[in-house]
4 protein chains.
Amino acid sequence: MPAANLKVAGAPRSGADPPRKDKRSLILDSAIRVFAQMGYHGARVSDIAREAGIAYGLVYHYFKNKEEILNTIFEERWTGFLEALEGIAEGRNPTQDKLVSIAALVLNAYRLRPEWVKVLVLEIQRSSRFAEPEQMRAVGRLFGSVARILRAGQEAGALRADLDPELASQAFIGALETMITGQVLGVTRLPAEADDAATDRGAVDAVVDLFLNGLKARTTR
Amino acid sequence: MPAANLKVAGAPRSGADPPRKDKRSLILDSAIRVFAQMGYHGARVSDIAREAGIAYGLVYHYFKNKEEILNTIFEERWTGFLEALEGIAEGRNPTQDKLVSIAALVLNAYRLRPEWVKVLVLEIQRSSRFAEPEQMRAVGRLFGSVARILRAGQEAGALRADLDPELASQAFIGALETMITGQVLGVTRLPAEADDAATDRGAVDAVVDLFLNGLKARTTR
Amino acid sequence: MPAANLKVAGAPRSGADPPRKDKRSLILDSAIRVFAQMGYHGARVSDIAREAGIAYGLVYHYFKNKEEILNTIFEERWTGFLEALEGIAEGRNPTQDKLVSIAALVLNAYRLRPEWVKVLVLEIQRSSRFAEPEQMRAVGRLFGSVARILRAGQEAGALRADLDPELASQAFIGALETMITGQVLGVTRLPAEADDAATDRGAVDAVVDLFLNGLKARTTR
Amino acid sequence: MPAANLKVAGAPRSGADPPRKDKRSLILDSAIRVFAQMGYHGARVSDIAREAGIAYGLVYHYFKNKEEILNTIFEERWTGFLEALEGIAEGRNPTQDKLVSIAALVLNAYRLRPEWVKVLVLEIQRSSRFAEPEQMRAVGRLFGSVARILRAGQEAGALRADLDPELASQAFIGALETMITGQVLGVTRLPAEADDAATDRGAVDAVVDLFLNGLKARTTR
DNA sequence: CATGAATGAGCGTTCATTCAT
DNA sequence: GATGAATGAACGCTCATTCAT
């Protein structure tokens, strides 16, 4: 079950930024927040600097230019996320547990760092670099990991064999993504039981239940 | 079944476009394509004009400024999409047929006009105006329509009553969205049976099957 | 004798700029003046625009960037100068007349457009592009033309055969250059007889006399 | 004859420079090299520091700012050069010897420290401070010294009296300058006999011969 | 209507200079 | 002395927008 694969993090952000933190990470975190809010193109370097509380010239001590900030975010953060995901996929747990773990990982990541996800999902996709195979592959790995779980489930006889695992993995990831995006944008609400932002068991269990058992009423005989 | 859910369109696109077409629509269509390719911020007014084959000064005869183009796209195109969707939701068909119609509407819309969707989904969200309640409501209607279908299905006893219809509608829309986004970005493939881009029954049926019956293997007695 | 090979010009500049003139040439002329005054690196694009009396954004309608302005100056102006020079060198006049013509060409060019020369001599040399063989060759042609005149004079028996024509051409060009540079900088004065800036016979004849006959007193027998 | 016209120096350059040398001079020497290569405006303070192998902050312990470096170079180095020159001019040697000494001084200075000369000639001219009378006078002294030699020669009857000594001094200096500039830029070659970079008697003698005896063939009776 | 020359605010980036260590 | 992180003015360049033709 989803122990607590939340090392996704990276920033002990919590209200005001008082303590430790090297400038480089400070800039990255600020950039994530700013890119999420106004998009990569809409964000000015000076916005990032103001968010970080530094002079904008300093940004150029740590990064060659604005694009390098975006690329660094992708490389450093997405990789960590993928590894957590693949750790789950590679495990020996039953399929259902894996799906629950992934749903928890995704929903919690989104919930803890919504800007993080907005940047990864909305901005990096369209950065010119995204055309590069490297990034394509990185995103492909996300779907691939989930598809592998499903395929393993089919082979073990736990899942129906007549559904395309690729399609199902896309549906699963997409469902999770939209559930949170709706929240991020304030358009929708999730039935969050616990508000101890650490877990979101209500939604996690519900979405896995939905994917495993379907919507259709079963005439309980 | 989905009679002709294609009034989504807006442009009688058909190979080369030398024919009739008022400049205003021409500009809107060009803008959609350009915004989709490089994002709202990344697109220059001159890019739109070049795509439309007109002088960039002319754009300002038809639109006050660049932002008005984006807003117009949203208002004119999204509204048409929503009305088609609500027409399906309001119908008297069985739940399953409605879901199939919606899946077909969404998947085909994406398939026929991927730029269209990229702009609505990726750009308009981010435009500052999106904070405005009007736009929020417009997006909310999308989820609301689907949720209403599900709720009706629950009330009719066709669907399980223990799943939150809001959550399920988000999952369903999200699944559809990601299935296509993956294609748009070239990251994933859908099991398209027919290639007569008009329908995509393989994926449409599969995703509805998935949501209705779930992934889990049923011990067929 | 040097009729008036002054087609070096290019700009009917004369006090205030009232009349005709396409913007592109206006910008080039302004750039020459500004580069001459503060050097290529020291000149801001806005200085050029102010000098031309236009908005600086317009500069970028006509030139890709600042460097292209410098390169264009070189290509368009230096070429014209070289052709005039080579026309003289290729002629059938006696050596002395050719040297007089060249001295007049150079001294008058310098005199009429001192900025012109400062830019060619001081700025273009150090532009990165100067490393390119094309520019090297262009400068080499200057020395080559004069050396050819001298060599022809030697073959005709008019000039001493024991002096290296390359060295002498460098000395001759250098003398002319410095004579004017001194004036431009206001450090020295030339014995300009006529002030009808069209000719400068005093200095022209004097420098040719110097190079042909030398400084040494001849014991007139 | 040119005893030892090498006190022009300033830096005991000798292969690798690990040895003694106060930082201040180290910075000046590095600045000369860097200014010569990329121009005053094109050179960054950090370039100078890197060339000197020190942190760029240290530059500001020794100089108020970048401009002061340039001014210091001028004042310290140009003065030394002028004094050497005036020592020659004030001497009691025959005119020809003085011209040979000066040609050797200049050609060797250029040859030994081409950057030195490029900076003096190309950069300092342009620095805004050059408008200041002090610098103007300093350059004027160069021409004045040579003119004085020539005038003395005329008075002694060794040189023709009908040539303006000012003009001739400019021509002489200019010839020397261009002979070397061509070499520095790699555009031209001098007929260097000896390659022991200490002297360049071929070119030195040739240019003095040219200026004293002229180019014209003399019908040796 | 249509064009594209012209304008100038705005942003990315550079780099001289300061200053805490 | 020595370092290099930090600052911010300045400049190259872009591009939305205006307007004369």
Side-chain angles (χ1 to χ4, degrees), chain A residues 22-24 26-27 38 40-50 52-69, chain B residues 22-24 27 38 40-50 52-69, chain C residues 22-24 26-27 38 40-50 52-69, chain D residues 22-24 26-27 38 40-50 52-70:
Chain A
D22 72 302
K23 286 279 165 58
R24 191 188 134 94
L26 177 59
I27 292 170
M38 19 220 252
Y40 174 75
H41 273 111
R44 290 163 293 177
V45 173
S46 65
D47 292 324
I48 298 171
R50 186 168 356 89
I54 61 173
Y56 60 84
L58 191 55
V59 171
Y60 291 89
H61 268 277
Y62 293 96
F63 300 94
K64 190 158 57 61
N65 53 33
K66 192 176 154 187
E67 197 191 347
E68 198 186 77
I69 300 176
Chain B
D22 71 303
K23 288 279 166 57
R24 193 188 131 92
I27 292 171
M38 20 218 257
Y40 174 75
H41 273 111
R44 290 163 292 181
V45 172
S46 65
D47 291 324
I48 299 172
R50 187 172 352 92
I54 60 174
Y56 59 84
L58 191 54
V59 171
Y60 290 87
H61 268 279
Y62 294 96
F63 300 94
K64 187 157 60 57
N65 55 32
K66 190 177 156 188
E67 199 192 346
E68 197 185 79
I69 300 175
Chain C
D22 73 301
K23 287 280 164 56
R24 193 189 133 94
L26 177 60
I27 292 171
M38 18 221 253
Y40 173 75
H41 272 111
R44 290 163 294 178
V45 173
S46 64
D47 292 324
I48 298 171
R50 185 168 356 87
I54 60 172
Y56 61 84
L58 191 56
V59 171
Y60 290 89
H61 268 277
Y62 293 96
F63 300 94
K64 189 156 58 60
N65 54 34
K66 192 176 153 185
E67 197 191 347
E68 198 187 76
I69 299 175
Chain D
D22 71 303
K23 287 279 166 58
R24 192 188 132 93
L26 178 59
I27 292 171
M38 19 218 257
Y40 174 76
H41 272 110
R44 289 163 294 181
V45 172
S46 64
D47 291 325
I48 299 172
R50 187 173 350 93
I54 61 173
Y56 59 85
L58 191 53
V59 171
Y60 290 88
H61 268 278
Y62 294 97
F63 300 94
K64 187 157 61 57
N65 53 33
K66 190 177 156 187
E67 199 192 347
E68 199 185 79
I69 300 176
L70 186 63

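Numbers restart at 1 for each chain; the letters A, B, ... are given by sequence-line order, proteins then strands. Predicted, not measured: the structure shown is a model, and the values here were computed from it.
Counting distance only, with no hydrogens placed and no angle test, the side-chain atoms of C:H61 and the base atoms of E:dA6 include a donor-acceptor pair under 3.5 Å.
Phosphate proximity of E:dA2 to B:K23: present, with a side-chain N or O under 4.0 Å from OP1 or OP2. Look at D:K66 and you won't find any side-chain N or O under 4.0 angstrom from OP1 or OP2 of E:dT17. For E:dC15, the OP1/OP2 oxygens have no side-chain nitrogen or oxygen of D:Y56 closer than 4.0 Å. Dashed line: the shortest gap from a side-chain N or O of C:Y62 to OP1 or OP2 of E:dA5 is not under 4.0 Å. Phosphate proximity of F:dT3 to D:Y60: absent, as no side-chain N or O sits under 4.0 Å from OP1 or OP2.
When the C1' atom of F:dG12 is taken as reference, atom CD of C:E68 falls 14 Å away, rounded to whole Å. Computed from coordinates, the B:H41 NE2 to F:dT14 C1' distance equals 14 Å when rounded to whole Å. Rounded to an integer number of Å, the gap from CG of A:N65 to P of E:dC11 is 17 Å.
Taking CZ of B:R50 as the reference point, atom CZ of B:R44 lies at 6.5 Å (rounded to 0.5 Å).
Listed for the A:K23 side chain is no donor-acceptor partner under 3.5 Å among the backbone atoms of A:A52.
The residue C:A49 sits apart from the nucleic acid: no heavy atom pair falls under 4.0 Å. When heavy atoms are screened at a 4.0 angstrom cut-off, A:F63 is found touching no nucleic acid atom at all.
Taking each heavy atom of D:Y62 and D:R24 in turn, the nearest pair found is CD2-CB, 4.0 Å.
The partner of F:dT21 is E:dA2, by the rule that a Watson-Crick or G-U pair needs both atom distances under 3.5 Å.
Along DNA chain E, the nucleotide nearest C:L58 and the nucleotide nearest A:V45 are compared for position; the residue whose nucleotide lies closer to the 5' end is C:L58.
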